[in-house]
There are 2 protein chains.
Amino acid sequence: MGRWTPDARGRLQQAALELFTEQGFAATTVPQITGRAGLTTRTFFRHFADKREVFFEGDAVPQLARRLLQQAPADVEPLTLLRHGLRQVGTERFDGQREQVRRRRQVILAEPALRERDAQKRDELVDVIRPGLIARGVDPLAAALLAQVTVVVLHVALEQWLAQPVEQAFGDVSDGCFERLSSTLAPA
Amino acid sequence: MGRWTPDARGRLQQAALELFTEQGFAATTVPQITGRAGLTTRTFFRHFADKREVFFEGDAVPQLARRLLQQAPADVEPLTLLRHGLRQVGTERFDGQREQVRRRRQVILAEPALRERDAQKRDELVDVIRPGLIARGVDPLAAALLAQVTVVVLHVALEQWLAQPVEQAFGDVSDGCFERLSSTLAPA
DNA sequence: GGAGCGATGACACGCCGTGTCGTCACCGAG
DNA sequence: CTCGGTGACGACACGGCGTGTCATCGCTCC
């Protein structure tokens, strides 16, 4: 409990999210955000590297991926581990929150600057998964391909999952994507 | 032949590339670029949407992808088409220019802002390939997965190709990546 | 109770990107 | 040949982003 009202970072995130949905990302300025949060502009940039980061901060997927890769038993097949990992991500961050995820997705898609940052975040996830696989004994080329493909499936499956008429478990959608991809790549 | 010395856009690209390699992307300002090109700052932004675009402009890969997808005979298997497409990209843009490609790659990797834009460019390529596949009769889910995977292979194969001790044909590396991916994803 | 610490405020500043208007060679119509 | 349109660029102003720097002051530890 400091000299100031607590959770400055959380207040900034909250204010930013509200303003982004109210008036769009491009139309809201950092002073507007800090004004609503009761802070100064300079303080915003002490918590977030730039205006886009406040939207993506707290995205726990890379942390979860790191944890799963480290803690899984060594005898688990990499592909199995990755499939279960996506299912885990689904239950922790998607299942049961489809409308919330959809709204967030729409904000991103509407703003080129946020799409770009989203693509970078996917790359960062690849850069977590790949060394994790290598540490588990996967050779570098396969690790690079598997890490990239896992993030691709996460991305495509999320799109599929959001488009379903009725919500199903994300893990089922991502597993379906894995299988579909495997069969599509198999030589005819 | 106008009132001004011709090829303003080309002069800007040239000056920008020189300055980026001389002193780095972040350290060069747009006024520096336009100064060297003999133009004003405002003119820079008439030719390029932002400072990063001058580095990626003229990247003909999406155009090539569009052309290949439209012109290939309708009976070519999608996967075959994509593999040949990557080989084509390799011969047109990579093979025989490895040092040049490597230098460009290093500039991108050294600058987070350029990595981010590079990721966005890969997404844009996906957004060219996917509808092209759908137009060829591939169903939407497979098209999404194949488009993403093709760009992944392009990316991973480029990394592989740059790391080889002696240069080989890019198409051989990308084909190897495709096969490796297919076998890695196949159920044990 | 005094020293160090850490989060924030306050202020200045450079650069990015845009809106707007003026200038002037080129081009086509008459 | 002239005259208005067009299109690229210059000139200027400006808001917003992101950073460097120093001051402030409650908290903690000794």
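Order of the sequence lines sets the chain letters (A, B, ...), proteins ahead of strands, with each chain counted from 1. In this text the structure is predicted, and so the values were computed from the model without any measurement.
Residues B:Arg87 and B:Asp175 are paired through a salt bridge, judged by an N-O separation under 4.0 Å between the basic side chain and the carboxylate. Taking a cutoff of 4.0 Å between a charged side-chain nitrogen and a carboxylate oxygen, A:Glu179 and A:Arg83 qualify as a salt bridge.
Aromatic ring pairs are classed by plane angle as parallel below 30°, tilted from 30° to 60° and perpendicular above 60°; the pair A:Phe170 and A:Trp161 is perpendicular.
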With sugar-phosphate taken as primed atoms, P, OP1 and OP2 and all else as base, the protein-contact string of nucleotides 1-12 of chain D at under 4.0 Å (heavy atoms; B, S, -) is -------BBBB-

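No hydrogens or angles considered: a donor-acceptor pair under 3.5 Å links the side chains of B:Gln32 and B:Gln23.
Summarising the geometry, the separation between CZ on A:Phe45 and C1' on C:dC11 is reported as 15 Å, rounded to the nearest angstrom. In this structure, B:Gln32 atom CD and C:dC15 atom C1' are separated by 11 Å, rounded to whole Å. Rounded to whole angstrom, the span from the CZ atom of A:Phe44 across to the P atom of D:dT19 amounts to 11 Å. A straight line from CZ of A:Phe48 to P of D:dT19 spans 14 Å, rounded to a whole angstrom. As a whole-Å value, the separation of B:Asp50 CG from D:dC17 C1' is 14 Å.
The environment of NE2 in A:His47 is crowded: more than 12 heavy-atom neighbours from other residues, nucleotides or ligands sit within 6.0 Å.
Within the model, atoms CG of B:Asp118 and CD of A:Glu116 stand 10.0 Å from one another, a figure rounded to the nearest 0.5 Å.
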